[in-house]
Structures are given as C-alpha cells and as structure tokens.
2 protein chains.
Amino acid sequence: MEKRATQGPGAEDDLGAQLRVAVARLHRRFRSERPEGSLGDAALEVLTRLHKHGPRTLTELSEDDRVSPASMSQIVNRLTSAGYAVRTRDPHDGRKVLFSATPEGDAIARAARAQRHAWLDRRLQELSAEDRAVVARAAALFNKIAES
Amino acid sequence: MEKRATQGPGAEDDLGAQLRVAVARLHRRFRSERPEGSLGDAALEVLTRLHKHGPRTLTELSEDDRVSPASMSQIVNRLTSAGYAVRTRDPHDGRKVLFSATPEGDAIARAARAQRHAWLDRRLQELSAEDRAVVARAAALFNKIAES
DNA sequence: TATTGTTATACTCTATAACTATA
DNA sequence: TATAGTTATAGAGTATAACAATA
C-alpha cells in the first residue's frame with residue numbers, strides 16, 4: 001500500500017494530497033466571502049471577465065473557465081436574469097451570441113471584487129515579498145496543471 | 001486596461017485575482033477526475049482522513065475541512081449510506097459520535113486515491129525539484145490564508 | 001444552559017443528454 | 001453534417017434554521 005519510494009516513504013506522495021487539501025480549503029474560503037444575496041463565485045468570475053475583457057461568446061467563456069458550454073449557459077442565465085449582462089447576436093455569424101456586462105454589471109464587478117477580495121489582499125500584503133513570489137509562481141503552475 | 005503595469009496598487013491587486021482564478025480552475029480540474037458513480041470530492045477527502053487518522057467526531061471532521069457541522073453531517077451520511085463508514089457512540093460522552101472507515105471504506109480510499117491522483121502525481125513528477133518546492137510552500141501558505 | 005449532532009430546505013455549481021437554430 | 005447555444009434533469013456541496021439528545 002505504499003506510496004512512491006522516490007524520496008523516502010510518503011514524501012512525494014504527500015505533495016499531491018497536501019496540494020489537493022490546501023486548494024479545496026482555499027476554494028471554500030473564497031466561496032465563504034460571498035455577501036448575502038449576492039452572486040456566487042463562478043458567476044462573479046464570469047462577470048469580472050466580461051467587465052475586464054469585453055464581449056465574449058459562450059464558447060469562449062466556457063473555455064476560459066474549463067467548464068461545459070451547458071454549465072456556462074446556466075451561469076450567464078443568472079447574470080442576464082439579474083440584469084448584469086446582456087446577449088447580442090453576432091452580426092457575422094447568427095449562431096454566436098455575444099455576452100457583455102451592463103453598466104450595472106460593471107458596477108457590481110467593481111464593488112464585489114473590492115468587498116470579497118479585501119481580506120485576501122490584506123493577507124497577501126502581510127506576506128513577505130518572497131512568499132508573494134511563491135504564490136505568483138504557484139498560480140502559474142496551477143494554470144499549467146489544470147490545462148493538462 | 002493594464003497588466004501589472006506598475007508596482008503600484010494595481011500590481012498587488014492582480015495577485016489576488018490570479019490566485020483566485022488559478023485555485024478555482026485547479027479545484028474544478030480535481031473534481032473532474034471523479035470516475036462515474038464514485039464518491040464526490042468532499043466525501044472522498046473525509047473518507048481518506050478516516051482511513052489515515054482513525055475515528056473522528058463530527059465536529060472534528062467539520063473543523064478539519066472548515067465546513068459547518070450540518071454540511072459535514074450530510075457528507076458522512078453519504079459515506080455511511082454507501083457502507084464506507086460507521087457511526088459509534090463515544091462511551092465517555094453520549095453526545096459525541098465517532099466515525100470510522102469500514103474495511104470497504106479503507107479499500108475505496110486506497111483505490112480512489114490511486115486512480116484520481118494518478119494524473120496529478122504525474123504532473124508533479126514532471127516539474128523541476130524547485131517547482132515542486134514552490135508548490136509545497138504554496139500549499140502551506142494556502143492553509144495559513146484559509147485559516148484567517 | 002451549553003455542546004453535539006441531525007434534519008429540512010434552499011441555493012450554487014457542474015455534468016450529460018436531448019434539443020433548436022444557423023452555417 | 002458540424003458548430004453554437006439552450007433547456008431538462010440530476011447530483012454534489014454548502015449554508016442557515018430549527019430541532020433533539022446529552023452534559
């Protein structure tokens with residue numbers, strides 16, 4: 001039942017388990033920052049992307065977050081129902097739909113980020129510059145790992 | 001607008017956003033490794049903990065994962081329904097319930113980890129030793145951040 | 001009264017399958 | 001046929017509120 005003997009009993013093996021647990025905990029911590037009655041985490045990330053990068057198609061959004069198009073369709077439904085985003089047909093390809101943030105959506109994206117990231121920004125500020133560099137490198141590594 | 005253009009306020013701000021997105025993506029990637037019909041991510045992590053560390057009370061388990069006791073109660077319900085864990089009353093304190101993995105649960109914990117972490121272990125092996133150290137340090141930092 | 005645990009309920013997030021509309 | 005998007009349905013994960021049992 002033993003692990004990987006590369007570096008001694010359990011050492012390498014533990015890194016995977018440690019990473020999994022740490023990421024799950026941090027993800028729950030992020031979710032818990034949601035104020036009452038506001039958008040959920042996934043919806044807010046999409047809204048933030050629309051706010052920052054302008055109109056995107058459904059397929060693009062689903063690829064950005066690596067979720068199925070059907071899942072993304074439901075996320076943007078929450079945004080359009082709330083009046084934070086709108087659909088427009090692509091004039092050059094009638095199959096495509098472009099999603100954009102409304103002015104209200106832009107305001108929500110700004111406000112929500114400020115509220116919900118305040119504690120994270122504070123924590124990051126408290127780290128040493130070296131530790132912040134570790135976090136930045138780790139984030140890049142995670143994106144690579146998640147793609148594979 | 002800008003991409004970490006300066007060392008000013010915007011640069012620090014970006015790290016938080018990058019971390020959030022990277023963690024969300026990696027978390028979804030972890031979840032997607034679930035084979036058909038098997039336990040979900042949260043349930044498997046609890047089962048793994050019971051397998052590794054022996055009997056735990058509900059409160060202990062909920063604190064381990066930083067979820068509410070009510071949420072953890074539902075997670076362990078899935079485990080007991082499946083026959084992977086059992087409840088026993090604490091003989092010294094009738095309010096407490098001790099949860100333990102069954103032999104079947106132990107087997108599932110071992111097998112599931114091997115299956116579901118295979119790709120992650122492979123990815124981590126592909127990293128340089130330096131990058132693995134970055135991941136390990138980041139995992140420790142995440143636990144600290146999640147606690148705060 | 002305080003602690004431990006459970007159930008009821010509701011919402012977010014996500015997936016697969018089946019569908020429509022356009023190219 | 002292939003691509004873009006939607007809807008229906010289901011299940012995991014999580015929370016709050018209300019409750020019961022034990023200390």
Nearest-0.5 Å distance, OG of residue B:Ser32 to CZ of residue A:Arg66: 11.0 Å
[X] [atom1] - [N] [atom2] separation (whole Å):
X: A:Asp90; N: D:dA4; atom1: CG; atom2: P; value: 11 Å
X: A:Glu60; N: D:dT3; atom1: CD; atom2: P; value: 16 Å
X: B:Leu39; N: D:dG13; atom1: CG; atom2: P; value: 8 Å
X: B:Gln74; N: D:dA17; atom1: CD; atom2: C1'; value: 13 Å
X: A:Arg56; N: D:dG5; atom1: CZ; atom2: C1'; value: 16 Å
X: B:Leu79; N: D:dA12; atom1: CG; atom2: P; value: 11 Å
X: A:Met72; N: D:dT3; atom1: CE; atom2: P; value: 20 Å
X: B:Arg34; N: D:dG11; atom1: CZ; atom2: P; value: 11 Å

Whichever of B:Lys96 and A:Asp41 has its nearest DNA chain C nucleotide further upstream toward 5': B:Lys96
DNA chain C: 5'-proximal contact among B:Val97 and B:Arg28 (nearest heavy atom): B:Val97
Of the nucleotides [options], which has the atom closest to the [X] side chain?
X: B:Arg31; options: D:dG13, D:dT16, D:dA15; value: D:dG13
X: A:Ala70; options: D:dA23, D:dA12, D:dA8; value: D:dA8
X: A:Phe99; options: D:dA15, D:dA8, D:dT6; value: D:dT6

Using a 4.0 Å heavy-atom cut-off, does [X] contact any base of the nucleic acid, only the sugar-phosphate backbone, or nothing at all?
X: B:Ile75; answer: sugar-phosphate
X: A:Arg89; answer: nothing
X: B:Ser71; answer: base
X: A:Thr59; answer: sugar-phosphate

Electrostatic pair A:Arg137:B:Glu130 at N-O distance under 4.0 angstrom: yes
Charged N-O contact under 4.0 Å between A:Glu126 and A:Arg123: yes
N/O (side chain, A:Asn77) to phosphate O (OP1/OP2, D:dT7) under 4.0 Å: yes
Aromatic plane relationship, B:His27 with A:His27 - under 30° parallel, 30 to 60° tilted, over 60° perpendicular: parallel
Donor-acceptor contact present, side-chain A:Arg25 to main-chain B:Lys144, <3.5 Å: no
Boundaries of the DNA chain C segment in contact with chain A, non-hydrogen, under 4.0 Å: C:dT12 to C:dA23
A:Arg28 vs A:Arg31 side-chain heavy atoms within contact, under 4.5 Å: no
The single option from B:Thr57, B:Asn77, B:Val46 passing side-chain contact (heavy atoms from CB on, under 4.5 Å) against B:Met72: B:Val46
ILVMFWY network linking A:Leu124 to B:Leu26, side-chain heavy atoms under 4.5 angstrom: yes
Contact nearer the 5' end of DNA chain D, comparing A:Thr57 with A:Ala24: A:Thr57
